[in-house]
Visitor: 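So that we are looking at the same thing, I have put the structure below in structure tokens.
Letters A, B, ... mirror the listed sequences (proteins, then strands); counts begin at 1. Note that the structure is a prediction, hence the values are computed from the model and not measured.
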Amino acid sequence: MAKGITSRSENYSQWYNDIVIKAGLADYSAVRGCMVIKPYGYAIWEKIQRQLDDMFKATGHQNAYFPLFIPKSFFSKEADHVEGFAKECAIVTHYRLKNDPAGKGVTVDEDAKLEEELIVRPTSETIIWNTYKGWIQSYRDLPILINQWANVVRWEMRTRLFLRTTEFLWQEGHTAHATREEAVEETLKMVNVYADFAQNWMGMPVLIGTKSENERFAGAIETYCIEALMQDGKALQAGTSHFLGQNFAKAFDVKYQTKEGVLDYVWATSWGVSTRLMGALVMAHSDDNGLVLPPKLAPTQVVFVPIYKTDEELSLISEKVQELKKQLEAKGITTHFDNRDTVKPGFKFAEYELKGYPVRIALGPKDMEKGTVEIARRDTLTKEFVPQDGVAEYVVNLLDEIQSNIYNKALKFREETTTIVDSYDEFKRILDEKPGFVLAHWDGTSETEERVKDETKATIRCIPLEGDNQPGTCIFTGKPSERRVVFARAY
RNA sequence: CGGGGUGUAGCGCAGUCCGGUUAGCGCACCUGGUUUGGGACCAGGGGGUCGCAGGUUCGAAUCCUGCCACCCCGACCA
């Protein structure tokens, strides 16, 4: 186990915090509930951003940017939306400071009170739909397919690094359509983009489904989500895509004229993923040695560590490393040569494991003699000697192998911790004894979900789009159930 | 907002119950040397308003009063 990291089995939360902090991803900040994302963490976020952005562009979306502040009056136009967010908003009430008369720094200038308070956006539906009103007159103006990369603020009671911070970075897509069908199609398209990203880039299997009424986004008709399972058996909502119907169009009076000349309200969607994905990445794959990154999202995929006693040895090794580096880079692989002479190789090995570099290549006098390198893979912690001639090919294949291995490992874990239950007693027992997804019948009512939550802390993570859709009877009430849904305790 | 806990060097902590030399330890940091195939070793060195404000006392990290901050567990949530 790495120095200073709490064991995963001993205390999962502590382990998670240790990895985030010690791998250099993020740290607590001076501001309550907010975190500082450090350069290494941000580098990973940039990889995530870049790939998602490409996927959004490929599905016809454009980026734009809307204001951080939302006038209070905008916010209160959609009733469910207000209800859902009212309790967690940061509000700007003044616009000026003055010197404290008591001589203690500065104080708020009460004369500079705003006529109308500004809400720091917890999400941007309202400001965006207020804007869209001015952009849309005819069916020719539709669809509008826009995404924004932004920060938002939600004043949560309790925060956790990446998973729930007061301020967080995310992207939010906001689209406007002429028909219900087109908007529904967009909602589904984007939840599938998220699933694609989670599985093929993060190496994290997800379930795609809809949310129950209790868990639905405030103001949405239907919320689609991707739901992942962490290594402690708790679920994490990793992304959501909302079909908003005409709720926001009605609230902000956004109408368009159809081909036939009739006025109708516009149909809307919104969808988002956040820096929470960083937390998911950590919790899905990491071990007691530190972070494990999927090669596709690792800022640096291969690190070279020289082993040497003399300057002559180092210069020979350096020459070889430069040669190999070029070969790898020619194949699109990102590399780093750590030739620091201030720390020993063993220290570097431990450090790169902690930081989750997928592949480490060590090169020492023995290798120079035999014409080999020592290649270590982070996911399995195994090492192998490989001829220098074939390194580039070997690493290309190895990175693919690692990418699919960590996905398969996570998938296997999910399958092993997913249980089908048919009675409430069994349901409760499984939640404690074998945490994970629990597939059970549910009568479809909020009351039942609420009662199950109160008694077991488990919620309906999603009503899956695929899989077993046979009817049955609710484990709690015995009433008819259309199909099994996915329960779990969640973050 | 309820319950619990903690504030002492950059980080992690001991010391507080029972007041008494110059406040200590590990890691990290700096200097010099030896090392380098899994987190090196030796020697020397720098770094502290003991969370803040008052009080008691010859004397306070330690006792008393008030305040503040943060963490953990709940409720709330991407």
Visitor: Consider the side chain of A/Arg154, meaning its heavy atoms from C-beta on, and name the nucleotide among B/G39, B/G37, B/A78 that approaches it most closely.
Guide: B/A78
Visitor: Determine the interatomic distance between C1' on B/G48 and the same-named atom on B/G24; round to the nearest Å.
Guide: 12 Å
Visitor: Between A/Lys366 and B/U36, is there a side-chain N or O to OP1/OP2 distance below 4.0 Å?
Guide: no
Visitor: When all nucleic acid strands are considered with a 4.0 Å heavy-atom cut-off, which category describes A/Thr240: base, sugar-phosphate, or nothing?
Guide: nothing
Visitor: When the C1' atoms of B/G39 and B/U21 are considered, how many whole Å apart are they?
Guide: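 These two C1' atoms come out 39 Å apart once rounded.
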Visitor: With ring centroids as reference points, do A/Phe56 and A/Trp271 lie under 6.0 angstrom apart?
Guide: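 Aromatic pair counts; centres sit under 6.0 Å.
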Visitor: Scan A/Lys22 against the nucleic acid and name what it touches under 4.0 Å (heavy atoms): base, sugar-phosphate only, or nothing.
Guide: nothing
Visitor: Looking only at the side chain of A/Phe347 (C-beta and beyond, no hydrogens), which of the listed nucleotides B/U36, B/A78, B/G39 gets closest?
Guide: B/G39
Visitor: Cation-pi between A/Lys355 and A/Tyr40: NZ/CZ under 6.0 Å from ring centre and within 45° of the ring axis?
Guide: yes
Visitor: When the ring planes of A/Phe197 and A/Trp201 are compared, do they come out parallel, tilted or perpendicular, using 30° and 60° as the limits?
Guide: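 Correct class here is parallel.
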Visitor: Taking only the C1' atom of each, what is the distance from B/C67 to B/C11 in whole angstrom?
Guide: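 Going atom to atom, C1' in each nucleotide, I get 27 Å.
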Visitor: Could you check whether A/Leu163 gets within reach of a base, just the sugar-phosphate, or nothing at all, counting any heavy atom under 4.0 Å?
Guide: base
Visitor: In terms of side-chain heavy atoms, does A/Tyr491 have a donor or acceptor partner in A/Asp232 at a distance below 3.5 Å?
Guide: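 A/Asp232 and A/Tyr491 do have a side-chain donor-acceptor pair below 3.5 Å.
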Visitor: Name the nucleic acid region contacted by A/Arg340, choosing base, sugar-phosphate or nothing; use a 4.0 angstrom heavy-atom cut-off, strictly under.
Guide: nothing
Visitor: Do the rings of A/Trp267 and A/Phe243 sit parallel, tilted or perpendicular, given the 30° and 60° boundaries?
Guide: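 Parallel.
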Visitor: Hey, is the side chain of A/Glu353 pairing donor to acceptor with the base of B/G38 inside 3.5 Å?
Guide: yes
Visitor: Could you tell me whether A/Thr165 contacts a base, only the sugar-phosphate backbone, or nothing, with contacts defined as non-hydrogen atoms closer than 4.0 Å?
Guide: base
Visitor: Using a 4.0 Å heavy-atom cut-off across all strands, classify A/Asp341 as base, sugar-phosphate, or nothing.
Guide: nothing
Visitor: Using a 4.0 Å heavy-atom cut-off, does A/Phe217 contact any base of the nucleic acid, only the sugar-phosphate backbone, or nothing at all?
Guide: nothing
Visitor: Sticking with atom C1', work out how far B/A53 lies from B/A61, rounded to a whole angstrom.
Guide: 16 Å
Visitor: With a 4.0 Å cutoff (strictly under), does any side-chain N or O of A/Lys87 reach OP1 or OP2 of B/C76?
Guide: no
Visitor: Has the side chain of A/Lys383 got a donor or acceptor that lies under 3.5 Å from a partner of the other kind on the base of B/G37?
Guide: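 No, the side chain and the base share no sub-3.5 Å donor-acceptor pair.
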Visitor: When the C1' atoms of B/A75 and B/G3 are compared, how many Å lie between them, rounded to an integer?
Guide: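 Result for the C1' pair: 12 Å, nearest Å.
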Visitor: Suppose you measure atom P in B/G46 against the same atom in B/G38; what distance do you get, rounded to whole Å?
Guide: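 Comparing P positions in B/G46 and B/G38 gives a spacing of 35 Å.
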Visitor: Could you tell me the Watson-Crick or G-U partner of B/G7, where both distances fall under 3.5 Å? Say none if there is no partner.
Guide: B/C68
Visitor: Check every strand shown and say whether A/Glu156 touches a base, only sugar-phosphate, or nothing at a heavy-atom separation below 4.0 Å.
Guide: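 It contacts base atoms.
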Visitor: Classify the ring geometry of A/Tyr12 against A/Trp15: parallel below 30°, tilted from 30° to 60°, perpendicular beyond 60°.
Guide: tilted
